[in-house]
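Worth knowing before you read on, the calculation uses all heavy atoms, side chains too, and leaves out hydrogens, waters and symmetry mates. Owing to the predicted nature of the structure, the values given are computational and were not obtained by experimental measurement. One is the number of the first residue; the rest follow in order along the sequence.
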Amino acid sequence: RTIHNTLLTARILNGRGPPRVYWRNTRTQMEDLFKRGWSWIRYRLPGRRLLGRAFGEFSLEEQRKEMADLLIAEVGNLVQSGPFAGMELPTEFCWGDGHRLPKLLGSYEAELHPWLESIVKNPYDLVVDIGCAEGYYVAGLARAFPASTRMYGFDISRKAQRICRSACEKNNVSDRVTVGGKCDAEDIRLLLSQAKRPLLLLDCEGGEVELLCDNRDPQLDAADILV
């Protein structure tokens, strides 16, 4: 439902009207075989995009890319709403399509928006984003916090680090954001020891267990943590 609403919003924003939605009915084995065979042929024929448009068989990834491209052509590569409205997105991605469409619309991880709106009202002097990827959160929060707030973004992917630095440059916060590689419990301890009001954001594919649950550092008790 969330994906469908995102696609619907993109279509309406671009004057395209709602997308066609196809529900899968019960099919016989022969119908499934025919469909798989037709898809195999169609993707190897010239003009496959026209065929896909005519038969309404664009994949979700193709629809997302098309709608994101249309939205960028209309309003630019800027987040349109939400807590990071006005933020410019990087043009490269380190994971899939970087969730470009929902980020442009401002609906990306919308369940976190109330928390983010509360976060930016607090006087944090340190923000640490572990698993920063393309820098959506660390660059977005850097735009919202005063220059005195120290910002750190960590990711084990070198490509993610490079794209995160690019996102910070595009949003004029590169002088305030330090981007690094792996962040372990000792790194967190050192950073927290220099802060009075720290904020930690973690999205590191299970590394949260090591960094939080197995970390007995009492300084974590004084930190606000968003996982």
Side-chain ([X]) to main-chain ([Y]) donor-acceptor, under 3.5 angstrom:
| X | Y | answer |
| --- | --- | --- |
| R150 | Q194 | yes |
| R176 | P146 | yes |
| T149 | D125 | no |
| E88 | N77 | no |
| D217 | Q219 | yes |
| E74 | L70 | no |

request  = Only one of V227, I225, L200 passes side chain to side chain contact (heavy atoms under 4.5 Å, CB included) with E208; say which it is.
outcome  = V227
Side chain to side chain contact (heavy atoms under 4.5 Å, CB included) partner of V138, chosen from V177, L201, D155, V179 = V177
Let me confirm one number: the [atom1]-[atom2] distance from [X] to [Y], rounded to the nearest 0.5 Å.
| X | Y | atom1 | atom2 | value |
| --- | --- | --- | --- | --- |
| I72 | L78 | CD1 | CG | 9.5 Å |
| S107 | Q80 | OG | CD | 11.5 Å |
| W95 | F93 | CH2 | CZ | 14.5 Å |
| S81 | H113 | OG | NE2 | 7.5 Å |
| L105 | H99 | CG | NE2 | 13.5 Å |
| K103 | E109 | NZ | CD | 8.0 Å |

Just wondering, more than 12 heavy atoms not from [X] lying within 6.0 Å of its [atom1]?
| X | atom1 | answer |
| --- | --- | --- |
| E117 | CD | yes |
| L116 | CG | yes |
| K65 | NZ | no |

ask   = How are the rings of Y137 and Y108 set relative to one another: parallel (under 30°), tilted (30 to 60°) or perpendicular (over 60°)?
value = tilted
If you take all heavy atoms of [X] and [Y], which pair is closest and at what distance?
| X | Y | value |
| --- | --- | --- |
| M87 | A139 | CE-CB, 3.8 Å |
| F145 | M151 | CD1-SD, 4.3 Å |
| C183 | I130 | SG-CD1, 3.9 Å |
| P114 | A110 | CD-O, 3.8 Å |
| C164 | G135 | SG-CA, 3.6 Å |

key: L226 side chain near L202 side chain, heavy-atom distance below 4.5 Å   = no
Residues D184, R189: salt bridge by 4.0 Å N-O rule = no
message = Between R197 and D224, does any NZ, NE, NH1 or NH2 come within less than 4.0 Å of an OD or OE carboxylate oxygen?
response = yes
